[in-house]
Structures are given as C-alpha cells and as structure tokens.
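Both ligands and their constituent atoms are indexed starting at 1 by order of listing. No experiment lies behind these values; they were computed from the predicted model shown.
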Amino acid sequence: MSRFPNVQFMLSVAAPPQFPPDHGAEVAFAGRSNAGKSSAINAITERKALARISKTPGRTQLLNYFELKPGERIVDLPGYGYAAVHAGARRKWGPLIDSLRQRDSLHGLFLIVDSRRGMREEDVELVEWAQPERRAVHVLLAKCDKLNRTEQTALLRESKAILGAAGTVQLFSAHDGSGVEAAQKALVAALRPQAQAVGPRAVDPPA
Ligand code: GDP
C-alpha cells in the first residue's frame, strides 16, 4: 500500500495571494531543470505521472502544490527557484519565492541534485535559502544508477561534507528504486510538526 494513497494535484501559485492557507505542513521540492525532480516526486508518491502536471503548458513557471492528505502538501518549485534565490530571475520571481520562505507551514526542503553534477554553489545557496536552522533539508542525489559503487560512495561523502549540519543526503534513483523508501521516510519526518524543533537546530542561539 502506498504511503501516500490520496495524493492529488491541489493548485498552482503564480502570485503570493494565491498560496493555500498557511496551516499544516508542506515540503518544497527544488532542483535544476532535468535534475530528475519530477521522476523523484513520482517515485516517492508512487504515482507514475503526478509531477507531469507541473510540466504542462501554463504551469511550468508556477509553484505547483500537491496534497498528500489534508494538511500535508508538497510544493514543486520550477527550475527558476535557483535563479530567484541566486540572481537572474530575482526581480520577477523573488517575491513568490520569498513568500514561500516566510510560511510557517513550510517545514522542509527536498533538493534534487543530478548525481553526475554533484552539489554546487547554487545548491548551497538554496539550502541556505531554506533556513536549515529551522527547517529540515534533505538532498536526493538523483539518477545514482548512472554512477558505479565507488563513484556513489565518493559522491555521498563529498555531499555530506558540503552539507555539514545543514541537512541530510542520500543516493536516489527513480529508475531502479534505490533510496525511494528512505526518501519517503525522510519526507514523512520532515512533515511532522516537531521536525522544526528537533536536534541541534533547536538550540541555536537567537539571532
Ligand atoms: P526534472 O526536469 O528535474 O523534473 O527531471 P525529470 O524527472 O523529468 O528527468 C529528466 C531526465 O532524467 C529524463 O530523461 C528522465 O528519464 C531522466 N531520469 C530521471 N530520473 C532518473 C533516474 O533515476 N535514473 C536515470 N538513469 N535517469 C533518470
């Protein structure tokens, strides 16, 4: 039985007033275009074509919300999420991305990184955007089936070093199913209300 049997498309957000009410829990999924984000969402929710909705005309530039069950959502960030956090698309998309970041219900970020690229500066910027001191950050090293064992081990070690205490990281393949169950568990944990207040993050000194 699927962990998320009732997952369904909820709404697309083009401007801050369109966000769903800031109640419950949501986790953002972000990744460069072609990183494997849609395949990851489909594998984690065990729905073959759920994330295809985000790629339909008119929705590719929007934040697309999927309800896992009442009060629990994932929000699929288009590729520009990177640019908005970084520089280029800041003026156009900054307010939307900033509004998302201000939501109390945003409990976590899943960052999808192509295993062949590994984590780069722009990924670290997105991790920082998510305020990892108050939110769960989990990195999926996607398409790991394209690496051999030695490469996988090296990539995992290197990614852990880059992330430090800011988050957790795992290998993932939508194609062969590696890491899907671990990712599902990480998502469930990130959605939990107390996810924001566990571990060393809770004892950070006030700003
Ligand atoms: P998105 O643009 O980040 O949503 O990426 P997609 O999920 O659409 O995937 C981009 C491309 O990578 C497609 O050609 C997929 O078939 C391929 N891909 C996605 N996940 C995997 C995977 O786990 N293994 C391999 N080998 N290819 C993958």
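- Between the Asn6 side chain and the Lys69 main chain, no donor and acceptor come within less than 3.5 Å of each other.
- Taking every heavy atom of Ser39 and a limit of under 4.0 angstrom, the matching atoms of ligand 1 come to 6 (P), 7 (O), 9 (O), 19 (C), 20 (N).
- The proximity of Asn34 to ligand 1, defined as any non-hydrogen pair under 4.0 Å, involves the side chain as well as the backbone.
- Among the candidates Ile162, Leu163, Leu111, the single residue satisfying the side-chain contact (heavy atoms from CB on, under 4.5 Å) test with Val124 is Ile162.
- A distance-only check finds a donor-acceptor pair linking the side chain of Asp22 to the backbone of Ser105 [under 3.5 Å].
- A 4.5 Å side-chain heavy-atom check between Met10 and Arg73 finds at least one atom pair inside the cut-off.
- Residue, atom and distance of the protein heavy atom nearest to atom 4 (O) of ligand 1 are Ser38 OG, 2.6 Å.
- A salt bridge links Glu122 to Arg117: one of the charged nitrogens lies within less than 4.0 Å of a carboxylate oxygen.
- With ligand atoms numbered from 1 in the order given, ligand 1 contributes 1 (P), 3 (O), 5 (O), 6 (P), 7 (O), 9 (O) to contacts under 4.0 Å with heavy atoms of Gly36.
- Closest protein heavy atom to atom 16 (O) of ligand 1: His175 NE2, 3.6 Å.
- The atoms of ligand 1 that sit less than 4.0 Å from any heavy atom of Ser173 are 23 (O).
- Side-chain contact check for Ser39 and Asn42: no donor-acceptor pair (N or O, by modelled atom type) lies under 3.5 Å.
- Some N or O of Ala174 is nearer than 3.5 Å to an N or O of ligand 1, by distance alone.
- Contact annotation for Arg32 and ligand 1: only backbone heavy atoms (N, CA, C, O) come within less than 4.0 Å of the ligand.
- The protein atom (non-hydrogen) at minimum distance from atom 26 (N) of ligand 1 is Asp145 OD2, 2.8 Å.
- Separation of atoms CG (Leu171) and CG (Leu141) is listed at 5.5 Å; rounding is to 0.5 Å.
- Polar contact with ligand 1: absent for Ala40 (N/O pair, distance under 3.5 Å).
- Considering backbone and side-chain N/O atoms, Ser33 never comes within less than 3.5 Å of an N/O atom of ligand 1.
- Atom 12 (O) of ligand 1 has its closest protein heavy atom at Lys143 NZ, 3.0 Å.
- Under the 4.0 angstrom criterion, atom 14 (O) of ligand 1 counts as lacking any protein heavy-atom contact.
- By the 30° and 60° cut-offs, the orientation of the rings of His138 relative to Phe110 is tilted.
- Every heavy atom of Ala142 sits 4.0 Å or more from the atoms of ligand 1.
- Near Ala35, meaning under 4.0 Å from any of its heavy atoms, are these atoms of ligand 1: 3 (O).
- Between Glu46 and Arg3 there is no salt bridge, since none of the side-chain N atoms of the basic residue sits less than 4.0 Å from a carboxylate O of the acidic one.
- Short contacts between ligand 1 and Lys55, defined as distances under 4.0 Å to a heavy atom of the residue, involve ligand atoms 1 (P), 2 (O), 4 (O), 5 (O), 6 (P), 8 (O).
- With Lys37 contributing its side chain and Leu77 its backbone, the two residues share a donor-acceptor pair below 3.5 Å.
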